[in-house]
Amino acid sequence: MPELPEVQTIINGLNSKVLGKEITKIIELRPGTVYRQFPITSLDNIISISRKGKYIILQTSSNYKLIIHLRMTGKLIFENDLTKTSNHARAEIVFSDKTKLIFDDVRTFGKIQILKFNEEVPALINLGVEPLSEEFNIIYLKNKLKNRKAPIKNALLDQTVIAGLGNIYVAEILFRAKVHPATSANNIKSTKLERIVSETKIILREAIKHNGTTISDYRNVEDKTGEFQNFLKVYGKKICKCGAMIQKIKQAGRTTYFCEECQR
DNA sequence: AAGTAGACTTGGGGGA
DNA sequence: ATCGCCCAAGTCTACT
């Protein structure tokens, strides 16, 4: 799915398009997309739009919130015309001013949860630090990784270590930090950990500036692609800028791209 | 406890 | 051109 920069781009779009709007109904077009623990009876305004890791949180004025996860192929598309729809619309959030958000998701992994405002979700409670916050520093990372023998690639994908990284950005981070993805997490030198921390922040900020990375499905709320795919150095590449072939290996079921020459 | 294969699901692309 | 196999931005569960 969308990783942190893509989700942040969507948050920015939602803030300009739907903040303050009144929700009249939430339509589930495919069963299993929307989890409701209670019926929504009143009309509610969206009073805040934020993100934790890759989770989108819409807080409403009358004590409930929507937690949306896009997983691999989910999109939130703002639409001015209520009669319009999209190929894989799974749910719609309809507003009183005759606009709506379409939740479109080819692979149907994405979900919308409707929760009481103070209700917590285990996945959200257990999230690690935000990589762009000051809490994400070498002391934190060293402590989190000290007992982990698994490859650094797997550890950085673990949302309870850092919230928001995914397969593309972890590959790019390790490439720029010059760390081999199979290195045991607890066996990385401090200078390299420092590089991982600093490159993570740099890459994520750059990617947000370019509206995220579109490999295939990701779109922002205006149904537009991101541009950061033009700046990737290793993910999906065949040849490294050093001239060596980019290697592809499987780690924890995911494909890892890396350069044997540059990442040691 | 840590680590990982499998499951969920649809569609696009390279190859026979 | 068709068929069918492999692959994909993520995370939860169940097993060793």
Side-chain angles (χ1 to χ4, degrees), chain A residues 1-11 29-33 35 51-56 67-77 86-91 103-113 121-128 131 143-174 181-187 203-204 207-208 210-220 223-232 234-238 246 248-257:
Chain A
M1 125 155 163
E3 306 179 31
L4 188 151
E6 293 74 45
V7 176
Q8 185 61 50
T9 303
I10 289 167
I11 295 294
L29 299 169
R30 181 190 159 104
T33 306
Y35 287 92
R51 162 191 81 64
K52 271 191 179 177
K54 303 171 193 171
Y55 293 82
I56 295 165
I67 297 187
I68 304 174
H69 200 301
L70 304 171
R71 296 289 185 110
M72 304 276 266
T73 56
K75 308 172 192 176
L76 282 174
I77 307 298
S86 65
N87 283 350
H88 308 288
R90 306 305 185 195
F103 181 73
D104 183 284
D105 186 10
V106 173
R107 288 169 68 183
T108 73
F109 292 170
K111 296 286 177 273
I112 298 176
Q113 285 183 279
V121 195
L124 274 157
I125 296 167
N126 295 330
L127 286 178
N143 188 48
K144 271 284 184 184
L145 300 183
K146 68 182 177 198
N147 293 322
R148 303 191 61 136
K149 240 178 75 198
I152 183 66
K153 163 79 188 307
N154 303 19
L156 294 179
L157 277 179
D158 184 340
Q159 301 299 298
T160 70
V161 175
I162 306 166
L165 301 183
N167 207 34
I168 296 175
Y169 291 105
V170 168
E172 294 297 316
I173 289 161
L174 292 176
T183 316
S184 290
N186 62 359
N187 204 20
I203 289 168
L204 294 179
I208 291 168
H210 293 284
N211 304 308
T213 300
T214 298
I215 298 294
S216 61
D217 294 283
Y218 164 69
R219 299 291 185 278
N220 68 14
D223 207 13
K224 296 208 172 89
T225 65
E227 300 91 45
F228 195 69
Q229 62 277 12
N230 300 318
F231 301 90
L232 298 177
V234 69
Y235 182 89
K237 302 294 174 190
K238 291 203 159 55
I246 297 291
K248 275 207 287 188
I249 55 171
K250 282 278 179 211
Q251 292 183 291
R254 322 286 307 275
T255 301
T256 302
Y257 291 83

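Convention: sequence-line order gives letters A, B, ...; per-chain numbering from 1.
To the nearest angstrom, P of B/dA5 lies 9 Å from CG of A/Asn154. A/His88 places its NE2 atom 8 Å from the C1' atom of B/dG11, with the value rounded to the nearest Å. Between A/Lys144 atom NZ and B/dA2 atom C1' the separation is 14 Å, expressed in whole Å. Distance CG (A/Leu124) to P (C/dG10): 16 Å, rounded to an integer number of Å. Distance NZ (A/Lys248) to P (C/dC7): 8 Å, rounded to an integer number of Å. When the P atom of C/dA8 is taken as reference, atom CD1 of A/Ile168 falls 11 Å away, rounded to whole Å. Whole-Å rounding puts the A/Leu145 CG to B/dG3 C1' distance at 15 Å. A straight line from CG of A/Asp105 to P of B/dT10 spans 10 Å, rounded to a whole angstrom.
Spacing of P atoms, B/dT9 relative to C/dA14, comes out at 16 Å, to the nearest Å. Look at the P atom in both C/dC7 and B/dA16: the space between them is 15 Å, to the nearest Å.
No engagement by A/Phe228 is indicated, since no non-hydrogen atom pair under 4.0 Å with the nucleic acid exists. As judged by a 4.0 angstrom heavy-atom cut-off over every strand, A/Arg30 is placed among residues touching the sugar-phosphate backbone only.
When atom types are taken as modelled, the side chain of A/Gln229 and the backbone of A/Ile215 share no donor-acceptor pair closer than 3.5 angstrom. Between the side chain of A/Lys111 and the main chain of A/Thr108, a donor-acceptor pair closer than 3.5 Å is present. Remark: side-chain polar atoms of A/Asn186 are not paired, donor with acceptor, to backbone N or O of A/Asn147 under 3.5 angstrom. Between the side chain of A/Lys146 and the backbone N or O of A/Ala185, no donor-acceptor pair lies under 3.5 Å. A donor-acceptor pair under 3.5 Å links the side-chain atoms of A/Glu172 to the main chain of A/Val234, judged by distance alone. Side chain of A/Gln159 to backbone of A/Gly164: a donor-acceptor contact under 3.5 angstrom is found.
Distance from the side chain of A/Val106 is smallest to B/dG11 among B/dG11, C/dA8, C/dG10. Considering only the side chain of A/Lys250, C/dA8 comes nearest among B/dT10, C/dA8, C/dG10. The listed nucleotides are B/dG11, B/dT9, B/dT4; the one nearest the side chain of A/Ala150 is B/dT4.
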(Q) How would you summarise protein contacts on nucleotides 11-16 of chain C per nucleotide, using B for base, S for sugar-phosphate only and - for none, with heavy-atom distances below 4.0 Å? (A) BS----
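Between the side chain of A/Arg148 and the base of B/dA2, no donor-acceptor pair under 3.5 Å is found.
Annotation: the span from A/Leu76 atom CG to A/Arg219 atom CZ amounts to 14.0 Å, rounded to 0.5 Å.
For A/Phe231, the ring-ring contact (aromatic ring centres under 6.0 Å, His included) test picks out A/His210, A/Phe228, with sequence neighbours left out.
For the OP1/OP2 pair of C/dA8 and a distance below 4.0 Å, the side-chain nitrogens and oxygens of A/Thr255 include at least one atom meeting the criterion.
Between A/Gln113 and A/Tyr55, the side chains place no donor N or O within less than 3.5 Å of an acceptor N or O (distance only, hydrogens not considered).
Other residues, nucleotides and ligands contribute more than 12 heavy atoms inside 6.0 Å of the NZ atom of A/Lys237.
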Q) Can you give the dot-bracket line for DNA chain C, using ( ) for pairs inside the strand, [ ] for pairs that cross earlier ones, | for pairs with another strand and . for unpaired bases, where Watson-Crick and G-U count if both distances are under 3.5 Å? A) .||.||||.|||||||
